[in-house]
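Below, read A as the first sequence line, B as the second, and so on, with proteins coming before strands; counting in each chain starts at 1.
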There are 2 protein chains.
Amino acid sequence: MTGTEMEDILDRWSSQARKGYFEMLLLARLNAGRAYGYQIVAALKQAPGFENLAEGTVYPVLTRMKKDGLVTAEWVAEDTGPPRKYYTVTELGARTLDAMQGIWRRMDEVLLAQPAKETS
Amino acid sequence: MTGTEMEDILDRWSSQARKGYFEMLLLARLNAGRAYGYQIVAALKQAPGFENLAEGTVYPVLTRMKKDGLVTAEWVAEDTGPPRKYYTVTELGARTLDAMQGIWRRMDEVLLAQPAKETS
DNA sequence: CCAACTACTATGTATTGCTATATATCTTGC
DNA sequence: GCAAGATATATAGCAATACATAGTAGTTGG
């Protein structure tokens with residue numbers, strides 16, 4: 001009976017939790033090798049929790065990251081099919097990713113630090 | 001030169017990352033032992049990243065968690081000072097926290113799973 | 001021409017966190 | 001007994017942000 005309730009709560013929660021996480025994930029993905037938008041969307045759709053990821057979600061983030069100088073973009077003509085816009089992480093992007101992961105780790109530590117039970 | 005830029009980016013980012021995290025942290029804190037709102041605010045203000053935490057942030061979350069059945073609340077008259085409202089995690093709350101932490105872990109794994117570099 | 005691929009944008013909705021304020025209780029000083 | 005301050009809970013309103021939906025537009029290949 002409470003199973004469905006919990007799913008509703010988790011849906012709302014994970015939607016919020018994804019917000020900060022997604023940008024870091026995207027940056028990490030690009031840090032592992034340059035990629036183009038359509039490719040990223042297709043790949044992430046298979047990751048758990050991102051089944052409904054749409055292009056309208058990814059491209060604005062890519063644009064913002066480029067504006068912030070975290071990535072650079074480059075059009076590449078392909079032998080087959082339309083040209084693709086490849087994104088590559090900059091040095092600032094790599095350092096920023098590193099800092100994000102550091103904050104993420106620290107959050108983990110605070111979460112795991114179980115404070116002593118207060119016995120009234 | 002890029003140091004300040006990066007801080008701006010990280011500020012915006014961590015503000016988003018906190019959103020989902022905070023609710024889980026609050027639930028974890030209560031899971032370690034019942035507590036009242038003012039106490040939680042005072043304690044969390046000392047945690048890294050929550051220096052500016054305000055009551056107006058915590059109480060709405062507590063109210064929502066109570067409405068969702070994750071916690072119960074109980075007024076307790078104190079020997080000294082005004083009465084306090086203690087929050088206790090319910091069984092649903094404990095299970096929900098467990099599920100949240102599972103999702104959090106899975107996010108971690110996806111983040112750490114470095115996909116093989118695509119060599120064009 | 002049509003279908004698939006690729007990039008992008010506009011808009012609506014939901015949510016958060018912060019500020020400010022209101023209310024009630026207890027303690028202290030006088 | 002009363003005013004002032006500390007403790008404690010709560011809510012309304014605001015600005016900022018992200019996500020999802022849906023739609024546009026261009027290119028290539030059959």
Report which part of the nucleic acid [X] touches: base, sugar-phosphate, or nothing (heavy-atom distance under 4.0 Å, all strands).
{"X": "A/Gly81", "value": "sugar-phosphate"}
{"X": "B/Ser15", "value": "nothing"}
{"X": "A/Gly37", "value": "sugar-phosphate"}
{"X": "A/Tyr87", "value": "sugar-phosphate"}
{"X": "A/Trp75", "value": "sugar-phosphate"}
{"X": "A/Glu55", "value": "base"}

In whole angstroms, how far is the [atom2] atom of [N] from the [atom1] atom of [X]?
{"X": "B/Asp68", "N": "C/dT15", "atom1": "CG", "atom2": "P", "result": "11 Å"}
{"X": "A/Lys66", "N": "C/dA7", "atom1": "NZ", "atom2": "C1'", "result": "12 Å"}
{"X": "B/Leu53", "N": "C/dT19", "atom1": "CG", "atom2": "P", "result": "11 Å"}
{"X": "B/Glu23", "N": "C/dT16", "atom1": "CD", "atom2": "C1'", "result": "11 Å"}
{"X": "B/Tyr59", "N": "D/dA12", "atom1": "OH", "atom2": "P", "result": "16 Å"}
{"X": "B/Phe50", "N": "C/dG17", "atom1": "CZ", "atom2": "P", "result": "8 Å"}
{"X": "A/Tyr86", "N": "C/dA7", "atom1": "OH", "atom2": "C1'", "result": "14 Å"}
{"X": "A/Gln16", "N": "C/dA14", "atom1": "CD", "atom2": "P", "result": "13 Å"}

Any side-chain N or O of [X] under 4.0 Å from OP1/OP2 of [N]?
{"X": "B/Tyr36", "N": "D/dT9", "value": "no"}
{"X": "B/Thr57", "N": "C/dC18", "value": "yes"}
{"X": "B/Arg12", "N": "D/dA18", "value": "yes"}
{"X": "A/Arg64", "N": "D/dA18", "value": "yes"}
{"X": "B/Tyr38", "N": "D/dT9", "value": "no"}

Plane angle bin for B/Tyr86 and B/Tyr36 - parallel if under 30°, tilted between 30 and 60°, otherwise perpendicular: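 Rings of B/Tyr36 and B/Tyr86: perpendicular, over 60°.
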
B/Thr57 side chain vs B/Leu53 backbone, donor-acceptor pair below 3.5 Å: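 Between the backbone of B/Leu53 and the side chain of B/Thr57 there is no qualifying donor-acceptor contact (under 3.5 Å).
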
Strictly below 4.0 Å, N to O, side chains only: are [X] and [Y] in salt-bridge contact?
{"X": "B/Arg95", "Y": "B/Glu91", "answer": "yes"}
{"X": "B/Glu23", "Y": "A/Arg12", "answer": "yes"}
{"X": "B/Lys85", "Y": "B/Glu74", "answer": "no"}

Student check: side-chain heavy atoms of B/Arg106 and B/Gln101 closer than 4.5 Å: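 A side-chain contact under 4.5 Å is absent here.
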
Nearest-nucleotide pick for [X], side chain only, options being [options]:
{"X": "A/Arg84", "options": "D/dT21, C/dG17, C/dT6", "value": "C/dT6"}
{"X": "A/Lys19", "options": "D/dA20, D/dA18, C/dC8", "value": "D/dA18"}
{"X": "B/Pro82", "options": "C/dC5, D/dA8, D/dA18", "value": "D/dA8"}

Position toward the 5' end of DNA chain D (nearest nucleotide), B/Pro60 or A/Pro60: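 Between the two, 5'-proximity favours B/Pro60.
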
